[in-house]
Amino acid sequence: MSDPFDDIPFGDEPGPPAAPGQPSGIAARAMAARRGPPPRDYLEGLNGEQRRAVETTDGPVLVLAGAGTGKTRVLTTRIAHILSLGLAWPSQILAVTFTNKAAREMKERIGILVGEAVEGMPWLGTFHSIGVKILRRHAELAGLRSDFTILDTDDQIRLIKQVIQAEGLDDKRWPARTFAHMIDGWKNKGYGPKDIPEGDARAFANGRGRELFSAYQDRLKTLNACDFGDLLCHPIRILRDNPDVLADYHSRFRYILVDEYQDTNTAQYMWLRLLAQRPRSKTPSSVASGDTFSHHGEKEGRLPSPLVGEGGSPRSGETGEGYSSGFEEAPFPGDLPSPAEGRARDDAPDDFSSAPAERSRASGDSASENKINICCVGDDDQSIYGWRGAEVDNILRFEKDFPGSTVIRLERNYRSTEHILGAASHLIAHNEGRLGKTLFTELSDPDHDKVQVHAAWDSEEEARAVGEEIEQAQRRGHNLNDMAILVRASFQMREFEDRFVTLGLNYRVIGGPRFYERMEIRDAMAYFRVVAQPADDLAFERIVNTPKRGLGDASVRMVHDYARARGIPMLEAAGEIVQTEEMKPKPRAALRELVDSFKRWRDLLEKTPHSELAEVILEESGYTAMWQNDRSAEAPGRLENLKELIRSMEEFESLRSFLEHVSLVMDAEQNADLDAVSIMTLHAAKGLEFETVFLPGWEEGLFPHQRSLDEGGRSGLEEERRLAYVGLTRAKRHCHLWFVSNRRIHGLWQSTIPSRFLDELPAAHVDVAEAPTNYGGFGGYGASRFDKAEAFSANRSTPGWQRAQQNRTEATSRNWGSRSGVAVERIGYGETDSGFGAGRKSVKGRVIEGELVAKSVSDTPSTFSTGDRVFHLKFGNGNIVAVEGNKLTVDFDKAGQKRVLDGFVERV
DNA sequence: GGGCTATATATTTTT
DNA sequence: TATATAGCCC
């Protein structure tokens with residue numbers, strides 16, 4: 001991740017390719033033409049639609065890219081095209097993705113096309129990383145310092161818990177986790193505490209939701225920290241409230257490209273709109289006023305302008321149920337011009353190369369003449385993240401949002417056989433409200449396998465049979481790397497893993513907790529964070545007693561309370577407390593030692609290479625020793641991980657950039673050399689492809705998942721169906737669906753019925769592979785269950801049945817086979833240590849808000865003087881004999897002379 | 001401060 | 001069933 005501060009200031013940027021002084025517009029093009037066309041090798045091999053998607057550089061473009069139609073290729077080629085035509089400098093292109101992986105891949109592929117130029121693309125990244133970049137430059141506008149910390153989910157929950165407790169609420173009755181989800185949901189919509197619907201606010205903690213949200217935001221601000229949602233919301237607010245800042249970005253970006261547009265949430269949508277739509281000739285503030293965003297995607301109908309934040313008058317007078325709906329058709333307000341408004345597509349050439357930003361600025365013009373051309377690529381049929389805030393509506397509404405846009409459909413599929421596409425297309429056609437695409441392929445061959453549906457008695461047998469299929473394929477010479485098992489829910493993975501271990505079959509599990517979520521890594525990171533940012537209380541609390549220093553609940557609480565009362569970071573508070581006798585000698589000595597250590601490490605920060613410093617920290621803090629002395633089985637692995645952490649730090653130029661990398665990029669690399677079957681969830685499989693795909697668990701209740709049906713109704717079902725579509729379209733040649741008759745859920749066996757999705761498959765492209773009615777539990781399952789009924793053979797002479805029988809015997813005899821020698825890779829999987837609780841007593845940040853705090857806040861440090869009679873909670877009454885700043889020496893009646901902090905005594 | 005037992009709870013997950 | 005966490009006791 002590049003250092004956010006190293007970015008080129010506007011003024012120093014090279015002018016756009018039509019160099020200053022040279023004619024622009026048609027003339028420039030004419031001149032370019034005279035010099036001969038720019039190299040266009042990169043266009044070769046594109047089909048007509050792909051080419052159109054690449055070459056339509058003017059005006060808003062929506063590319064509806066079905067599965068396997070070359071989406072990434074279009075996106076990267078389009079950038080290469082813009083660059084090589086000289087339509088923009090690399091730094092004038094904003095290219096956003098959702099995941100780091102996608103960003104990395106895009107960068108790589110652009111690099112192949114344009115070489116070094118990709119290095120000049122500072123604005124290629126995830127929504128979040130670009131959000132951070134914007135936020136770091138204008139942090140003060142969000143009430144932060146530019147060295148703010150980014151909290152991950154774990155920190156966020158810990159902080160919320162503290163807030164809930166501080167408000168005097170029972171954190172058991174009102175779990176922090178639940179509230180964290182609510183906050184995420186609000187932030188996905190761009191809401192600040194003042195904007196949330198009354199109903200939402202009432203739903204938590206006896207109607208104190210808004211209060212809590214607000215308190216949480218305040219805490220973040222004092223901690224100089226952001227959660228992930230803030231990385232989107234703060235920039236939106238900054239852009240919206242600061243026309244000059246917005247104008248800067250408007251003149252900066254000339255092309256915006258968005259990947260996976262169907263996954264954008266409302267906040268991301270708003271963010272894009274702000275950047276992509278500039279006012280015609282008015283001041284940028286016309287776009288910046290909150291009320292221009294009537295995002296109608298809300299089911300509730302009209303909502304207050306999100307992020308009205310300070311000063312806005314959100315929804316006063318509106319009751320929770322009083323929303324009017326019917327905004328579905330609302331066009332975007334007319335005063336928000338679209339980039340292409342008023343320009344028919346045909347006259348596009350006239351403003352083909354509009355005046356570069358620099359020129360218009362130089363000539364004193366507003367940047368209003370420039371267009372920002374947005375191009376969104378996505379597939380409404382692959383929208384599977386509705387449950388975390390994605391609004392399919394954003395893509396469905398694109399043409400309305402960006403009038404004059406071009407919609408290009410990529411329907412030629414290069415991945416799958418006609419049967420796989422036929423099955424997938426037929427299935428997805430059961431959804432309503434699609435933009436509609438029909439994938440086709442030229443990869444047609446009578447020899448191609450149809451999609452196979454298999455039945456099994458229970459999940460164990462399912463795993464056994466899949467394992468057998470895999471071994472057979474392997475025997476036929478297929479690589480395990482070309483096979484994947486895609487499950488609906490991760491608990492399904494276990495049975496496959498167990499089976500593969502007994503079979504000695506290599507596998508890799510993708511997804512789940514990652515490297516940076518492991519306990520030891522998070523602990524180490526917490527040390528580094530405190531050194532880099534002494535105000536990071538969450539980090540401090542995490543490691544204050546790790547390794548054990550005898551600083552228990554009481555000690556930590558004292559530091560915490562004192563820090564909050566004084567409004568200072570805990571480390572600083574600790575520094576003051578250790579100079580007194582507030583604490584018993586033992587914890588005090590331990591705390592002093594820690595405080596001194598941090599001081600020492602911080603001094604080293606400037607002088608020592610950061611990876612070296614990291615080693616010193618882990619060594620001197622006793623953290624390494626803690627694991628060395630640990631006799632448990634995981635300890636060596638943890639030490640190994642710590643070494644790996646330090647090794648990976650070397651790749652970064654500073655501790656700061658390393659910490660930023662970790663907070664945003666949490667993925668682990670995989671071992672490409674290992675030949676292994678992949679096991680992952682359907683969600684994790686999006687974007688991937690495999691020669692052979694196994695899709696187990698197609699049963700009602702699991703897939704579609706009961707919970708989706710219960711909570712999401714029809715749209716929930718449709719999202720499940722899209723998930724099925726994603727699953728099917730991952731397969732290139734072979735696709736096997738499975739359902740079982742009995743599945744163990746939460747420990748009890750339940751009999752299940754085949755998924756309705758199986759009924760929705762077209763008979764022409766599907767085979768029932770084996771149908772042993774008395775054994776596999778097909779029951780009524782058979783041809784009639786398919787859409788266009790066709791006869792299926794369902795007798796025991798089928799190879800499938802025989803194989804099934806064979807599997808059974810083979811499997812039992814093999815059960816005792818060697819367990820060793822199986823290569824198991826867990827991509828992104830740590831041990832089962834989800835969170836901060838494992839192996840450690842969690843530090844209770846119980847905060848006593850109330851009298852004591854109120855008093856100490858109102859007391860200025862110097863209100864005590866020698867001779868005052870005071871009361872101390874622990875030492876009782878006494879007389880002050882000396883005052884030294886906020887430290888008092890008191891002669892207590894019973895305890896004798898002690899040094900205490902003024903915050904801990906009250907006048908009597 | 002550590003270790004034990006009781007108890008709730010159980011999709012999908014990126015940043 | 002199995003896993004994580006919270007409370008309790010020493």
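Below, chain A is the first sequence line, B the second, and so on; all start at residue 1.
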Exercise. Using a cut-off of 4.0 Å on non-hydrogen atoms, how would the nucleic acid contact of Leu551(A) be classed: base, sugar-phosphate, or nothing?
Worked result: sugar-phosphate
Exercise. Salt bridge between Arg136(A) and Glu660(A), side-chain N to carboxylate O under 4.0 Å?
Worked result: yes
Exercise. Between atom CD in Glu495(A) and atom P in dT1(C), what is the gap in whole Å?
Worked result: 14 Å
For this session: Specify the residue among Arg549(A) and Leu709(A) whose closest nucleotide of DNA chain B lies further upstream toward the 5′ end.
Result: Arg549(A)
Exercise. dT5(C) and dT12(B): how far apart are their P atoms, nearest whole angstrom?
Worked result: 16 Å
Exercise. Can you check whether Thr681(A) has a side-chain N or O nearer than 4.0 Å to OP1 or OP2 of dT13(B)?
Worked result: yes
Exercise. In whole angstrom, what separates Asp154(A)'s CG from dT13(B)'s C1'?
Worked result: 15 Å
Seminar exercise, completed: The glycosidic conformation of dT7(B), counting syn as within 90° of 0 and anti otherwise, is anti
Exercise. Do NZ/NE/NH1/NH2 and the carboxylate oxygens of Lys71(A) and Asp379(A) come within less than 4.0 Å?
Worked result: no
Exercise. Which is true for Arg494(A) with a 4.0 Å heavy-atom rule: it touches a base, it touches only sugar-phosphate, or it touches nothing?
Worked result: sugar-phosphate
Exercise. What's the shortest heavy-atom distance between Trp186(A) and Phe213(A), and which atoms?
Worked result: CE3-CD2, 3.5 Å
Exercise. Are Arg522(A) and Asp152(A) close enough that some pair of their side-chain heavy atoms sits under 4.5 Å apart?
Worked result: yes
For this session: Round to the nearest Å and state the distance from Asn188(A) atom CG to dT13(B) atom P.
Result: 16 Å
Exercise. Asp259(A) has an atom CG; how far is it from atom P of dT15(B), in whole Å?
Worked result: 13 Å
Exercise. Between atom OH in Tyr385(A) and atom C1' in dT15(B), what is the gap in whole Å?
Worked result: 12 Å
Exercise. Between dT15(B) and Ser129(A), is there an OP1 or OP2 to side-chain N/O distance shorter than 4.0 Å?
Worked result: no
Problem set entry | Salt bridge flag under 4.0 Å for residues Asp155(A) and Arg542(A) | no
Exercise. To the nearest Å, how far apart are Gln268(A) CD and dT14(B) P?
Worked result: 14 Å
For this session: May I ask you to decide whether Glu760(A) forms a salt bridge with Arg756(A), counting only side-chain N to carboxylate O separations under 4.0 Å?
Result: no
Problem set entry | Whole-Å distance separating the CD atom of Gln750(A) from the P atom of dT1(C) | 14 Å
Seminar exercise, completed: Arg388(A) has its side chain closest, among dG1(B), dT13(B), dT15(B), to dT13(B)
For this session: Would you mind reading off the distance between Leu231(A) atom CG and dT15(B) atom P, rounded to a whole angstrom?
Result: 12 Å
Seminar exercise, completed: A correct dot-bracket answer for DNA chain B, with pairs being Watson-Crick or G-U at under 3.5 Å, [ ] for crossing pairs and | for inter-strand pairs, is ||||||||||.....
For this session: Using a 4.0 Å heavy-atom cut-off across all strands, classify Glu720(A) as base, sugar-phosphate, or nothing.
Result: base
Exercise. Does Asp263(A) come within less than 4.0 Å of Lys686(A), counting only side-chain N to carboxylate O?
Worked result: yes
For this session: Classify the angle between the aromatic ring planes of Phe658(A) and His661(A) as parallel (below 30°), tilted (30 to 60°) or perpendicular (above 60°).
Result: parallel
Problem set entry | Trp387(A) ring over dT11(B) six-membered base ring, under 5.5 Å and 30° | no
Exercise. Is His683(A) stacked on the base of dT12(B), with ring centres under 5.5 Å apart and planes under 30° apart?
Worked result: no
Exercise. Checking all strands, does Arg744(A) fall into the base, sugar-phosphate, or nothing category for heavy-atom contacts under 4.0 angstrom?
Worked result: nothing
Problem set entry | Nucleotide of dT11(B), dT5(C), dT15(B) approaching Leu664(A) most closely (side-chain heavy atoms) | dT15(B)
Seminar exercise, completed: The answer to which of Phe491(A) and Lys172(A) contacts DNA chain B further toward the 5' end, by nearest nucleotide, is Lys172(A)
Exercise. Do the side-chain N or O atoms of Asn100(A) get closer than 4.0 angstrom to the phosphate oxygens (OP1, OP2) of dT15(B)?
Worked result: yes
Problem set entry | Lys548(A) side chain near dG2(B) phosphate (N/O to OP1/OP2, under 4.0 Å) | yes
Exercise. Which part of the nucleic acid does Gly550(A) contact within heavy-atom distance under 4.0 Å: base, sugar-phosphate only, or nothing?
Worked result: sugar-phosphate
Problem set entry | Short side-chain N/O contact from Lys586(A) to OP1 or OP2 of dG1(B), under 4.0 Å | no
Exercise. Are the charged groups of Asp536(A) and Arg529(A) less than 4.0 angstrom apart, N to O?
Worked result: yes
